[in-house]
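Read through the structure below, which is laid out as structure tokens, and then see the notes.
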Amino acid sequence: MPNSPMISAQEAEAIALRITPPLTDTESIASVAALGRVLAEPVRSCLDFPHWDNSAMDGYAVRQADLAQGPTELQVIETIPAGVAPQQTLGPGQAARIFTGAMMPPGADAIAIQEDTEPAGPDRVKVLSQPAVGEFVRAKGMFCRSGDQILPAGLAIGPAELAVLAAAQCDRVAVVRRPRVAVFSTGDELGTIDQPLQPGQIVDSNQYALIAFLQQMGVEPITLGVVRDDRAALKAAVEQAIDQADLVLSTGGVSVGDYDYVDAVLAELGGEIHVKSVAVRPGKPLTLATFGPKVYVGLPGNPVSALVGCWRFVAPMLRKLSGRSGPHGVQWLTARSAQDLQGAGRRETYLWGSLQIIEGQLVFSQAKGSHSSGNLINLAGTTALAKVPQGTSEIAAHSEIQVLLLGGAVG
Ligand SMILES: Nc1nc2c(c(=O)[nH]1)N[C@H]1C(S)=C(S)[C@@H](COP(=O)(O)OP(=O)(O)OC[C@H]3O[C@@H](n4cnc5c(N)ncnc54)[C@H](O)[C@@H]3O)O[C@H]1N2
Ligand code: MOO
Ligand SMILES: [Mg+2]
């Protein structure tokens, strides 16, 4: 059976993104439970930030014009801690003791910081230098006005966004519903983590890898276990997965072997197959198909190929599916390689390893040992993939290279 024509990684990524529709269903949830969720609508503030004119420093609220003649003594008419409304209006020659975050009293227009003052007897202070008008005053509305947009749609909510929502007293937010992603492994040879392996068996490590990858991307997967290399069983599993999920990930069965049924089953079920083979190593057999708005990703069975396929192609798809604003595609960083890197010539090659910052420069160190797609063992500790472009067979040590930093939702 001849090989399917290989398309480039860039083309495959573009197709992967084109066939993945962003989810549009929304739900209203408590902000406190919104970590990792994606905003479906922009959030507008219903408060000014700051909500009151207030002091940015511990010191004295003053009338700046009183201090034009050099060091000047002022009468301290009240003390204003944070959270307490001032009771009096400052007149000429008067000051109020004030602390960071406390409301400015009427009549004051600047803060003399404590370090620029000296005590001058009971209820008196000597201010040594003249602040500018507005100095150390956080004026009402200076950071944001009521009605301003404070968070855009498509933003994933992290600690900073939660703080903003809380400060704006938005206790509920409209978010995009969570993506439903189904995962299963295919293969008669697959055993479990806890049972002795029979001759020819291998542990279904892909399931662990894919579930963890999805969890890191903020997705709680629907796990459908192992499907035997049986056409009818695979067909039933694909149907079930497509029915339950927005996106389906399977591993194995996408190459040209007699038991590699995935593409045939997808076609039989009426799926439209967009990609079969990508010029990458590892991960060349990659099936991308759609059933209407539902997307099917058939990843290769080799454990490294399956995970690299997730990092390189599925992560962008999940970013788009989840309703995040773009860019969704992978973002390459420039680094230097600590070693010579070998490419596969005809295929864009991804080598796994780790990134360090050495004297302010990103340096990629390739994992020791075999970079075979069947060697899962030296994948442990991987924090980045280095790219050796198509057509390049070797990159000399210390050259500039492109790397993909791996991580969670942000990567
Ligand atoms: N004649 C050809 N043979 C192969 C080609 C080719 O172009 N011509 N491509 C090779 C490449 S590249 C890859 S990658 C694999 C992809 O294979 P499949 O997706 O069909 O996957 P399987 O054949 O089912 O398994 C491949 C390999 O991976 C192991 N495996 C499978 N599932 C799991 C799992 N859940 N956990 C751990 N390991 C798994 C399986 O035992 C095999 O060793 O095809 C090449 N062949
Ligand atoms: O493309 Mo396969 O993933 O090289 O072994
Ligand atoms: Mg196969």
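Just so it is clear, the values below take in all heavy atoms, side chains as well, and ignore hydrogens, waters and symmetry mates.
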Distance (rounded to the nearest 0.5 Å) between [X] [atom1] and [Y] [atom2]:
X: Arg231; Y: Asp229; atom1: CZ; atom2: CG; value: 12.5 Å
X: Tyr296; Y: Leu266; atom1: OH; atom2: CG; value: 5.5 Å
X: Cys46; Y: Ile150; atom1: SG; atom2: CD1; value: 7.5 Å
X: Leu210; Y: Thr251; atom1: CG; atom2: OG1; value: 6.5 Å
X: Leu128; Y: Glu115; atom1: CG; atom2: CD; value: 11.0 Å
X: Gln130; Y: Glu135; atom1: CD; atom2: CD; value: 9.5 Å

Between the side chains of [X] and [Y], is a donor N or O closer than 3.5 angstrom to an acceptor N or O?
X: Ser185; Y: Asn206; result: no
X: Asp243; Y: Gln240; result: no
X: Glu189; Y: Gln201; result: no
X: Asp58; Y: Thr100; result: yes
X: Arg281; Y: Thr349; result: no

Side-chain donor or acceptor of [X] paired with backbone N/O of [Y] under 3.5 Å:
X: Asp246; Y: Arg180; value: yes
X: Gln94; Y: Gly91; value: yes
X: Asp66; Y: Pro92; value: no
X: Lys320; Y: His328; value: no
X: Ser322; Y: Leu318; value: yes
X: Asn378; Y: Lys368; value: yes
X: Ser8; Y: Glu11; value: yes
X: Gln361; Y: Ile358; value: no
X: Asp230; Y: Ala233; value: yes
X: Glu161; Y: Gly158; value: yes

### Task
Could you give me the CA-CA distance, side-chain angles and deciding distance for Gln390 and Arg347, then say whether side chain to side chain contact (heavy atoms under 4.5 Å, CB included) is met?
CA-CA 5 Å; Gln390 206 174 3; Arg347 298 195 254 161; 5.7 Å; no

### Message
The test is salt bridge (charged side-chain N to carboxylate O under 4.0 Å, His left out); show your working for Lys126 and Asp116 and say whether it passes.
### Response
CA-CA 9 Å; Lys126 186 172 184 182; Asp116 288 345; over 6 Å; no

### Message
Before you tell me yes or no, could you show the steps for Tyr60 and Val76 under side chain to side chain contact (heavy atoms under 4.5 Å, CB included), namely the whole-Å CA-CA distance, both residues' side-chain angles and the distance that decides it to 0.1 Å?
### Response
CA-CA 8 Å; Tyr60 292 85; Val76 180; 3.9 Å; yes

Side-chain contact test, heavy atoms from C-beta onward, threshold under 4.5 Å: evaluate it for [X] versus [Y] and give yes or no.
X: Ile273; Y: Leu288; answer: no
X: Ile202; Y: Leu197; answer: no
X: Ser250; Y: Leu299; answer: no

### Pairwise salt bridge (Lys or Arg N to Asp or Glu O under 4.0 Å) hits with a residue in residues 36-54, at least two apart
Glu27-Arg37, Asp48-Lys140

## Note on the structure
Contacts satisfying ring pair (Phe, Tyr, Trp, His ring centres under 6.0 Å) that involve residues 350-382 (not counting sequence neighbours) are Trp352-His371

## Note on the structure
Across all chains, not counting sequence neighbours, the ring pair (Phe, Tyr, Trp, His ring centres under 6.0 Å) partners of His274 are none

### Query
Stepwise, does the side-chain hydrogen bond (donor to acceptor under 3.5 Å, both in side chains) test hold for Asp263 with Thr287?
CA-CA 7 Å; Asp263 289 5; Thr287 296; 2.6 Å; yes

### Query
Which is it for Leu247 and Val295 under the side chain to side chain contact (heavy atoms under 4.5 Å, CB included) test, yes or no, and what are the steps along the way?
CA-CA 5 Å; Leu247 185 121; Val295 185; 4.0 Å; yes

### Query
Does the salt bridge (charged side-chain N to carboxylate O under 4.0 Å, His left out) test come out yes or no for Arg312 and Glu13, once each step is laid out?
CA-CA 8 Å; Arg312 178 67 184 89; Glu13 187 187 38; 3.3 Å; yes

### Task
Please step through side chain to side chain contact (heavy atoms under 4.5 Å, CB included) for the pair Val262 and Val238, ending with a clear verdict.
CA-CA 9 Å; Val262 170; Val238 171; over 6 Å; no

### Query
Does Arg97 pair with Glu78 as a salt bridge, N-O distance under 4.0 Å?
no

#### Entry: Carboxylate-amine/guanidinium proximity below 4.0 Å for Lys235 and Glu268
yes

### Val62: which of Thr72, Thr117, Val125, Leu74 passes side chain to side chain contact (heavy atoms under 4.5 Å, CB included)
Leu74

